Asker: 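This is the structure, below, for whatever I ask next.
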Amino acid sequence: MLGAVVAAACLAVWGSRAGASALLGAGIGIAATSLMAFAMLRHGAGASAQRVAWSFFSGWVVKVAVTVALLVVAFRSPKVHAAALLAAYVATFFGYWFGVARSRGPKTKQTFGVGN
């Protein structure tokens with residue numbers, strides 16, 4: 001969502017090339033993180049701790065490799081507006097952080113076994 005907002009802002013400020021580049025940057029961020037999530041969550045609930053840890057590490061390696069490869073390909077294109085691409089790519093991380101912050105649920109008073 002934030003990537004689309006950044007893309008719209010880039011479109012309005014710098015034109016269609018920047019808007020398309022921002023969409024590309026957001027797509028790179030979303031695609032790489034989706035691959036990492038798939039690698040991490042592909043095992044069922046009964047997976048061993050070692051297997052889960054390995055999945056986390058391998059998912060991270062895949063994410064970094066895909067991100068670097070896609071960014072290299074994008075930056076080699078003379079039609080890419082680099083600032084817009086990077087702004088939208090970074091905005092995807094703020095979107096993830098915002099989502100995590102919102103998913104914590106309502107704050108409740110916990111007494112940890114002490115009487116109410």
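The figures here come from the full heavy-atom set of this structure, side chains too, leaving out hydrogens, waters and symmetry mates. Numbering of residues begins at 1 and proceeds along the displayed sequence. Predicted model, so just to flag it, every value in this text is computed and none were measured.
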Asker: Using the rule that Ile, Leu, Val, Met, Phe, Trp and Tyr join whenever any side-chain heavy atoms are under 4.5 Å apart, tell me whether V62 and W54 fall into a single cluster.
Answerer: no
Asker: Of all the heavy-atom pairs spanning K79 and S21, show the shortest one and how long it is.
Answerer: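 The pair with the smallest heavy-atom distance is O-OG, 4.0 Å.
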Asker: Are V66 and V80 joined in one hydrophobic group, where the rule is that I, L, V, M, F, W and Y side chains link up if heavy atoms are under 4.5 Å apart?
Answerer: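 They do share one cluster, since a chain of ILVMFWY contacts under 4.5 Å joins V66 to V80.
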Asker: Would you say CZ of F94 has more than 12 non-hydrogen atoms from neighbouring residues, nucleotides or ligands within 6.0 angstrom?
Answerer: no
Asker: Could you pull out all donor-acceptor pairs under 3.5 Å where a side-chain atom in residues 23-38 meets a protein atom, sequence neighbours excluded?
Answerer:
unit_1: T33; atom_1: OG1; unit_2: G29; atom_2: O; d: 3.0
unit_1: T33; atom_1: OG1; unit_2: K63; atom_2: NZ; d: 3.3
unit_1: T33; atom_1: OG1; unit_2: Y96; atom_2: OH; d: 3.4
unit_1: S34; atom_1: OG; unit_2: I30; atom_2: O; d: 2.7

Asker: Taking all atoms of both residues into account, what is the closest heavy-atom pair of A74 and L85, and its distance?
Answerer: CB-CD1, 3.8 Å
Asker: Quick one: are V6 and V90 in side-chain contact, heavy atoms under 4.5 Å?
Answerer: no
Asker: Between W97 and F93, how do the two ring planes meet: parallel, tilted or perpendicular, split at 30° and 60°?
Answerer: tilted
Asker: Do L41 and V61 share a hydrophobic cluster, counting only Ile, Leu, Val, Met, Phe, Trp and Tyr and linking them when any side-chain heavy atoms are less than 4.5 Å apart?
Answerer: yes
Asker: Does atom CZ of R51 have more than 12 heavy-atom neighbours, drawn from other residues, nucleotides or ligands, at distances under 6.0 Å?
Answerer: no
Asker: Is there a chain of hydrophobic side chains (I, L, V, M, F, W, Y, each step under 4.5 Å between heavy atoms) that links M40 to V52?
Answerer: no
Asker: How close do C10 and A84 get, heavy atom to heavy atom, and via which atoms?
Answerer: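 The answer is SG-CB, 3.6 Å.
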Asker: Testing L70, V64, L71 for side-chain contact (heavy atoms from CB on, under 4.5 Å) with T67, which one passes?
Answerer: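 Per the side-chain contact (heavy atoms from CB on, under 4.5 Å) rule, the option paired with T67 is L71, out of L70, V64, L71.
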